[in-house]
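These notes are about the structure you will find just below.
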Amino acid sequence: MNHPITLTVNATEYTGTVEARLLLSDFLRHDLDLTGTHVGCEHGVCGACTVLLDGAPVRSCLVFAVQANGRQVTTVEGLSTGPRPEQMHPLQTGFWEAHGLQCGYCTPGILMSIVPFLEENPEPSEAEIREALSGNLCRCTGYQKIVEAVQMGARLLRESRV
Amino acid sequence: MKPAAFDYFAPKSIDEALALLAQHGYDAKPLAGGQSLVPTMNFRLAQPAVLVDLNGINELFFIRENSAGLRIGAMTRQRTVERSPLVQRRAPLIHETMPHIAHPQIRNRGTFGGSLAHADPASELPVLAITLNARMRVQSSRGERWVNASDFYLDLFATDLQPDELLVEIDIPDLPARTGWAFDEVSRRHGDYAMAGAAATVTLAVDGTVAAARLVYLSVGDFPTEAFLAETALIGERPTSAALAAAAEIAATQDISPGGDIHASAAYRRHLAKVLAARVLARAVDRAVERSAERGSA
Ligand SMILES: Cc1cc2nc3c(=O)[nH]c(=O)nc-3n(C[C@H](O)[C@H](O)[C@H](O)COP(=O)(O)OP(=O)(O)OC[C@H]3O[C@@H](n4cnc5c(N)ncnc54)[C@H](O)[C@@H]3O)c2cc1C
Ligand code: FES
Ligand code: FES
């Protein structure tokens, strides 16, 4: 059974027809070609597929695309204002400068978890950052550099707003 | 992996959802937050032919208070419950426990009723429902009934819900006067399912002895496990650390028979059960003492 859907992804409206069983993660990657959203486990554990649904971070592997009908989705592609390094989101700059990634598989999910976290808590402690990262697995970095990247990103974000 | 094909319905009202469940019976499953159902569908452990999505039913999303306690709609997101000042004030045990459930990204989608209906033996909310004497309002196209939380959990992932029934609302009575509460658990990493966890409430009599106590465990059996013998042992006692330690010993050795798995051996679960019982009982007693003083009751 196919279902017509209309949704907004990164401020662009898309209309399409989807099978009910199509996961939002696969809709984003295969139908919209937004391959920044990564898929690691498809059971909610790794966090690589995290996107914002109406502004709140969720696992896109645990939402059906048909459920996003009429909603706003933000993916990692929606963070920067353009393709040049200086157009990156301050948190992305933090990851770049502080070496917050190695293979980068976990990075989009971490960015999409931490962007809303910093909106609510612009000056987090290290413990709060570690807690906010606890829903995202990284197999490369040992997390230390990620924590430092978030600290730098938080600072850059605060500075960008004064 | 990807889920098997299914027919999808997104009803706008409880009545519409109940009609769909009545029509499709065992082939249909309600879809709440999807944080347990969709993983099992992705692995094809579950292959429901029909999904009845509850996310568009506005009347299932609410937190209300009345003179006797709280009413929480089944579809209320776990994150909403966690952040509700009403829940913090009227059901502080729930407020204290919510951050232990998975991660914010999961709680943004996962629902209060979905967790209660799913009946995972490692989940926190069923344990709280029993500890707090919650009641479940269950509806089907045949009518409605109320089920006490203590009668709701029948087996591993099995509740009293029939295939055509929906859990629609949960009634959570206020704690009695002079009552303290506490929750604690041990998990390998923050947000993981716990290897063991415990909730307690303790009510003190005017003379400072224990008038009533509840101690309920998660992850030490196939469903929430109440430590009846430990509770009974505390009644009438002064809540000294020796009395609490004795109750914790009874709970860990007589009330439960945990199994072992890759996460924790049976012996280690018993050890955790004892440590957790001592901790939550002590915190509950402290709070009961505070609350007795606050109320100025003689
Ligand atoms: C990585 C990860 C970690 C997690 N960690 C924890 C944890 O530490 N503790 C914990 O408790 N949970 C944990 N969860 C599970 C999470 O809390 C789920 O949200 C919850 O168990 C199910 O709620 P749901 O709303 O997502 O329900 P769904 O997944 O949509 O449904 C679960 C089941 O309940 C049925 N159902 C749902 N709502 C109703 C209703 N109103 N009436 C009748 N039947 C209904 C469905 O048909 C289905 O069979 C975790 C999940 C993930 C992915
Ligand atoms: S792919 Fe969604 S959480 Fe791992
Ligand atoms: S950088 Fe490789 S998984 Fe995180």
Side-chain angles (χ1 to χ4, degrees), chain A residues 1-5 18-27 30 39-71 109-110 112-117 120-121 127-128 130-137 143, chain B residues 1-10 12 28-29 31-57 75 77-80 82-83 99-111 114 118 120 187-193:
Chain A
M1 202 158 60
N2 284 326
H3 301 266
I5 60 169
V18 294
E19 227 188 315
R21 64 171 168 158
L22 183 67
L23 299 171
L24 179 59
S25 45
D26 288 334
F27 175 75
H30 302 159
V39 170
C41 68
E42 295 192 325
H43 61 289
V45 172
C46 74
C49 68
T50 306
V51 301
L52 307 187
L53 185 61
D54 289 338
V58 304
R59 308 295 206 219
S60 62
C61 72
L62 300 185
V63 176
F64 294 111
V66 61
Q67 296 185 286
N69 187 26
R71 318 280 297 271
I110 292 185
M112 299 320 285
S113 297
I114 297 299
V115 164
F117 166 70
E120 289 183 8
N121 190 351
E128 288 168 332
R130 287 187 182 274
E131 157 113 27
L133 288 168
S134 70
N136 293 84
L137 297 181
Y143 300 99
Chain B
M1 279 181 55
K2 311 297 173 191
F6 55 85
D7 286 342
Y8 172 83
F9 297 96
K12 292 277 172 233
K29 273 213 168 283
L31 172 62
Q35 302 301 289
S36 295
L37 182 54
V38 180
T40 54
M41 291 176 64
N42 286 353
F43 285 141
R44 300 217 176 174
L45 296 170
Q47 301 192 17
V50 175
L51 279 193
V52 178
D53 187 350
L54 309 179
N55 285 278
I57 306 181
M75 281 300 292
R77 305 280 176 207
Q78 291 162 3
R79 190 75 163 156
T80 308
E82 173 188 355
R83 298 183 153 192
H100 290 283
I101 303 174
H103 312 285
Q105 299 94 326
I106 307 286
R107 298 197 293 275
N108 276 333
R109 255 343 255 173
T111 66
H118 188 54
D120 189 316
S187 55
R188 286 193 180 268
R189 287 168 301 262
H190 182 97
D192 279 10
Y193 283 105

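By convention in this document, chain letters (A, B, ...) are assigned in the order of the sequence lines, proteins followed by strands, and residues within each chain are numbered from 1. When reading the values below, keep in mind they use all heavy atoms of this one structure, side chains included, and skip hydrogens, waters and symmetry mates.
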Derivation of the side-chain contact (heavy atoms from CB on, under 4.5 Å) call for B:V38 and A:R59: CA-CA 11 Å; B:V38 180; A:R59 308 295 206 219; over 6 Å; no

Derivation and outcome, side-chain contact (heavy atoms from CB on, under 4.5 Å), residues A:N136 and B:H103: CA-CA 9 Å; A:N136 293 84; B:H103 312 285; over 6 Å; no

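At a 4.5 Å heavy-atom cutoff, the contact between A:E19 and chain B is made by side-chain atoms alone. For a residue to count as touching a neighbouring chain, one of its non-hydrogen atoms must lie under 4.5 Å from one of that chain's; by this rule B:L51 touches chain A with the side chain only. With a threshold of 4.5 angstrom between heavy atoms, A:L53 approaches chain B through side-chain atoms but not through N, CA, C or O. In this structure, the portion of B:A4 lying under 4.5 Å from any heavy atom of chain A is its backbone and not its side chain. Only the side chain of B:D53 comes within less than 4.5 Å of a heavy atom in chain A; its backbone stays farther off.
B:N108 and A:A56 get closest at one heavy-atom pair: ND2-CB, 3.8 Å.
Within the 4.5 Å cutoff, the side chain of B:Q105 has no heavy atoms near those of the A:M112 side chain. Counting heavy atoms from C-beta on, the side chains of B:N42 and A:L23 come closer than 4.5 Å. Taking 4.5 Å as the limit, some side-chain heavy atom of B:R109 sits within range of a side-chain heavy atom of A:V63. At a threshold of 4.5 Å between non-hydrogen side-chain atoms, the residues B:H190 and A:E131 count as touching.
For A:F64, the ring-ring contact (aromatic ring centres under 6.0 Å, His included) partners two or more places apart in sequence, or in a different chain, are B:F6. B:Y8 pairs by the ring-ring contact (aromatic ring centres under 6.0 Å, His included) definition with A:H3, not counting sequence neighbours. Remark: B:F9 pairs with B:H24 by the ring-ring contact (aromatic ring centres under 6.0 Å, His included) rule, at least two apart or across chains.
Within residues 43-51 of chain A, the residues that have a heavy atom under 4.5 Å from a heavy atom of chain B are A:H43, A:G44, A:T50, listed by number.
Atoms NZ and OG, on B:K2 and A:S25 in that order, are 6.0 Å from each other to the nearest 0.5 Å.
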